[in-house]
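One-based numbering along the sequence shown. For the numbers below, each heavy atom of this structure counts, side chains included, while hydrogens, waters and symmetry mates do not.
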Amino acid sequence: MSVASATASSASLPQPFTPGQKEYLAGFMAGVAASGVFVGTTSTGQLTASASASTTPNLAAPVAASASEPTFHGTPLGDLCKEERWKYEENPLDAWERLLAHADADQAPDPENLYRFKFHGLFYVAPAQDSFMLRIRVPACEITAAQCHGLAQLATNLGNGFVDLTTRGNFQIREFKPRSIVQVLTRIQELGLASRGAGCDNVRNVTASPNSGFDPAELIDVRPFAKGIHHYILNHRDLYGLPRKFNIAFDNGGSLSAAVDTNDIGFFATRVTAASLSNLKSPLSASELSALSSPRSTPPAAGVYFRIHLGGITGHGDFARDTGLLIQPAEAVAVSAAMLRVFAENGDRTNRKKARLKYLLEKWGVDKFLAETQKKLAFPLVRLPLAACEPRRPVIKHGWLGPARQSQRGLNSLGIGVPVGRLSSKQLHTLADLATHFGTGELRLTVWQSVIIPHVADAFVETVKRSVVRLGCFYEASLAAGGIIACTGRRGCKFAAADTKAQGLSLLQHLGQHTTLTSPVNIHFTGCPNSCAQHYCGDLGFVGHQLPDGADGYHLVLGGGMDQEQGIARELFRGLRATEINALSEKILITYEAQKKRGESFVTWARRHSVKELQEILSQ
């Protein structure tokens, strides 16, 4: 099948009405209505010319133009944006012949096929690189050593010899030529992994607290639920092709952050006890405890549940908000699927800038969204005030680095920092070997672009630590440098305006040598406003900006945070030269250390000053 024939499937499909056709039909309908012609049916099935005697509408009236025009998810074809039109013409999941044709021709895709191939995890990233990037799903952020060996070999044989860790706890491999894309996809499947739906208008990698199953502080191991929704999506085609991308994450209530409050749906493990329920009035009022399907007046039994937060999208300035929903853990997959279908059926398919879940929630309100979700479920959705649950314990900032005791006696996990999230194939092979020789052949990925090797016996911890350092990674870092993350940047993404990986690596080295802090900070570099590295959530956030002379530049935002530090950073400076970033970052952190109150975090220090005050302090 040729590339040309693979893209010509839409010619015979129904076409939308033109404005002229719509105007004619509207005029024709008005003429019929004005003529007084009416035919209906009585309750006995007889025809009548009297509207008052009829039990049906006017059967002689023409069908409305809006009803006769083909629609896609309820939207007239003429109103669809081009991406939705492409979905209507052919499901992007059915692109296998197109993929084969492009591989046979060793041909780069046109804009339509570029879009379709993203449904298979393939991104053609020209002009940054004249090649494809593959994004791999790693559900619950858990992967085996054997799979890591396979990915490392794939990167060596067909890619650029590197593997990137993402801020969604999964992997990306870059610089595949078009001729290799089918081989890449089949190899991923042979490894027991998947890339389908890893990009574009789909549910992205389903993340989970990276220490689930061995965190002594966790309330529940959330991996089964994250993997459950992952596999449910893979086996239900209607959950692909959403109005826009969609993120789901699970928080185990333990010691590490998984940035769950930045997701479209966030499941937060919580505990309900007799003591926490005593915070409510007795007896409970309808406003304190309500079921959307069937009202109830008794509190839930003591135990561990999930609270559901909705609408996180920090690039648009919003965190997920608590909805009041309290569900049994076993209900999480069903609730996810129901919410996804409500979004698929009602999200905006005309304007991609307003197509995320946040905007449907703003249009409808949370109550209507939950009511529509309830219609798809056979069990009631129950609400319980947050005060009736135990507070979540604070996460440990930079807790993803270094050794930590597990809930299993005599075993430890080791958090490994990967400079700006980039591993060579050799480094990934070595990490997989360490996990096999000193653990159980299992690795965890974090949304902080780092790796955790669990199940290391006490006797082997020091050996693994030394091996990590020899490898060029780290298990401890200065509190200034340990939380630096960076998106792909200009060298690998056409949207990025700056080389964020190089800048982040330079700053990591600079701060490690020149700055000492008494409390940790997170520094996020993202190349464009799409905010893949979530610059608005960093203590310091840098977003790429091309300067008038074409040089790399950044805007600086300050005072963002997640979890117990949740808040959107405020813009402080614009148009900074990349060459200024290291010195300015050092100055900011030294100023904080000099001026902070006893025990004051960076976020607290930054937020107690106005933007103007911070500008004046840092401009001296």
Side-chain angles (χ1 to χ4, degrees), residues 139-140 203 206-209 212-213 215 217-233 235-236 239 246-254 258 260-261 263-280 284 286-312 320-343 366-367 369-393 407:
V203 182
V206 183
T207 60
S209 299
S212 288
D215 182 5
E218 75 179 358
L219 300 181
I220 187 172
D221 182 353
V222 296
R223 290 174 298 163
F225 313 107
K227 292 182 179 181
I229 189 60
H230 164 83
H231 289 292
Y232 187 90
I233 291 164
N235 288 286
H236 290 80
L239 294 182
F246 204 97
N247 294 324
I248 301 175
F250 289 81
D251 181 290
N252 67 0
V260 175
D261 50 0
N263 287 257
D264 294 280
I265 304 178
F267 291 91
F268 287 84
T270 189
R271 177 177 280 123
V272 174
T273 65
S276 66
L277 288 170
S278 69
N279 293 326
L280 299 176
L284 298 175
S287 62
E288 288 176 317
L289 178 63
S290 63
L292 299 180
S293 176
S294 55
R296 53 186 292 183
S297 58
T298 57
V304 173
Y305 298 84
F306 284 128
R307 294 193 71 87
I308 298 180
H309 292 216
L310 293 177
R321 293 181 173 89
D322 182 69
T323 61
L325 286 186
L326 188 80
I327 68 166
Q328 297 281 354
E331 297 170 342
V333 173
V335 171
S336 294
M339 288 181 168
L340 285 168
R341 289 191 169 103
V342 171
F343 175 59
V366 171
D367 286 347
F369 182 83
L370 297 183
E372 292 300 312
T373 300
Q374 179 64 85
K375 293 177 183 178
K376 298 183 180 295
L377 296 169
F379 54 86
L381 288 172
V382 176
R383 278 171 148 166
L384 185 71
L386 183 60
C389 300
E390 289 188 342
R392 195 211 187 282
R393 62 173 289 156
S407 53

Asks: Would you compute the distance between atom OG1 of T323 and atom CG of L381 and round it to the nearest 0.5 angstrom?
Replies: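 So the OG1 of T323 and the CG of L381 are separated by 8.5 Å.
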
Asks: Restricting to side chain to side chain donor-acceptor pair (under 3.5 Å), what partner residues turn up for R392, sequence neighbours left out?
Replies: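 Residues passing side chain to side chain donor-acceptor pair (under 3.5 Å) with R392: D251.
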
Asks: Would you please name every residue forming a salt bridge (charged side-chain N to carboxylate O under 4.0 Å, His left out) with R393, sequence neighbours left out?
Replies: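 Result, salt bridge (charged side-chain N to carboxylate O under 4.0 Å, His left out) vs R393: none returned.
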
Asks: To the closest 0.5 Å, what do you measure between CZ (F379) and CD (Q374)?
Replies: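 The CZ atom of F379 sits 8.0 Å away from the CD atom of Q374.
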
Asks: The criterion is side-chain contact (heavy atoms from CB on, under 4.5 Å); which residues satisfy it with V342, sequence neighbours excluded?
Replies: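 V342 satisfies side-chain contact (heavy atoms from CB on, under 4.5 Å) with N346, W364, F369, E372, T373, K376 only.
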
Asks: Among residues at least two apart in sequence or on other chains, which ones pass salt bridge (charged side-chain N to carboxylate O under 4.0 Å, His left out) with R223?
Replies: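 In terms of salt bridge (charged side-chain N to carboxylate O under 4.0 Å, His left out), with neighbours along the sequence ignored, R223 is linked to E142, D221.
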
Asks: Would you say P329 and I220 make side-chain contact, with heavy atoms under 4.5 Å?
Replies: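 Yes. Closest side-chain heavy atoms under 4.5 Å.
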
Asks: Any side-chain heavy atom of S212 sitting closer than 4.5 Å to one from E218?
Replies: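 Yes; the side chains approach each other to less than 4.5 Å.
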
Asks: Please list, chain by chain and in numerical order, all residues satisfying ring-ring contact (aromatic ring centres under 6.0 Å, His included) with H231, sequence neighbours excluded.
Replies: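 Counting only residues at least two positions away or on another chain, H231 forms no ring-ring contact (aromatic ring centres under 6.0 Å, His included).
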
Asks: Which atom pair, heavy atoms only, marks the closest approach of L377 to A338?
Replies: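 Nearest pair, atom of L377 first, then A338: CD2-CB, 3.8 Å.
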
Asks: Please state whether the rings of F225 and F306 are parallel, tilted or perpendicular, taking 30° and 60° as the class boundaries.
Replies: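 Judged by the thresholds at 30° and 60°, the geometry between F225 and F306 is perpendicular.
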
Asks: Taking atom CG of N252 and atom CG of L219, what is their separation to the nearest 0.5 Å?
Replies: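 The distance works out to 7.0 Å.
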
Asks: Are the side chain of T207 and the backbone N or O of A140 linked by a donor-acceptor pair below 3.5 Å?
Replies: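 No.
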
Asks: Counting N and O atoms only, with roles assigned by atom type, does the side chain of H236 sit under 3.5 Å from a partner on the main chain of Y232, one being a donor and the other an acceptor?
Replies: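 At least one qualifying donor-acceptor pair exists.
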
Asks: Give a yes or no on this: more than 12 heavy atoms of other residues, nucleotides or ligands lie within 6.0 Å of atom CZ of R321.
Replies: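 Counting other residues, nucleotides and ligands, CZ of R321 stays at 12 neighbours or fewer.
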
Asks: Can you give me every donor-acceptor pair (side chain of residues 264-277, partner residue at least two apart or in another chain, under 3.5 Å) with its distance?
Replies:
unit_1	atom_1	unit_2	atom_2	d
D264	OD1	R356	NH2	3.3
D264	OD2	N247	N	2.7
D264	OD2	R356	NH2	2.9
T273	OG1	A275	N	3.3
T273	OG1	S276	N	2.9
T273	OG1	S276	OG	3.4
S276	OG	T273	N	2.8
S276	OG	T273	O	2.9
S276	OG	A388	O	2.7

Asks: Taking the side chain from N279 and the backbone from A387, do they hold a donor-acceptor pair closer than 3.5 Å?
Replies: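 Yes; judged by distance alone, with no hydrogens or angles, the pair exists.
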
Asks: Using side-chain heavy atoms (C-beta onward) and a distance below 4.5 Å, is I248 in contact with V203?
Replies: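 Result yes, sub-4.5 Å side-chain heavy-atom pair found.
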
Asks: With a 4.5 Å cut-off on side-chain heavy atoms, are V260 and F250 touching?
Replies: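 Result no, sub-4.5 Å side-chain heavy-atom pair not found.
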
Asks: Which value, rounded to the nearest 0.5 Å, describes the distance between E331 atom CD and L326 atom CG?
Replies: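 That separation rounds to 9.0 Å.
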
Asks: Quick one: do L370 and L325 satisfy side chain to side chain contact (heavy atoms under 4.5 Å, CB included)? Show the steps, please.
Replies: CA-CA 9 Å; L370 297 183; L325 286 186; 3.6 Å; yes

Asks: Looking at every non-hydrogen atom in both residues, tell me the closest pair between L310 and M339 and how far apart they are.
Replies: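 Closest approach of L310 to M339: CD2-SD, 3.8 Å.
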
Asks: Taking the side chain as everything from C-beta on, heavy atoms only, tell me whether P300 gets closer than 4.5 Å to L384.
Replies: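 SC-SC contact between P300 and L384 confirmed.
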
Asks: Given side chains that start at C-beta, do those of L280 and P385 come closer than 4.5 Å, heavy atoms only?
Replies: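 In contact.
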
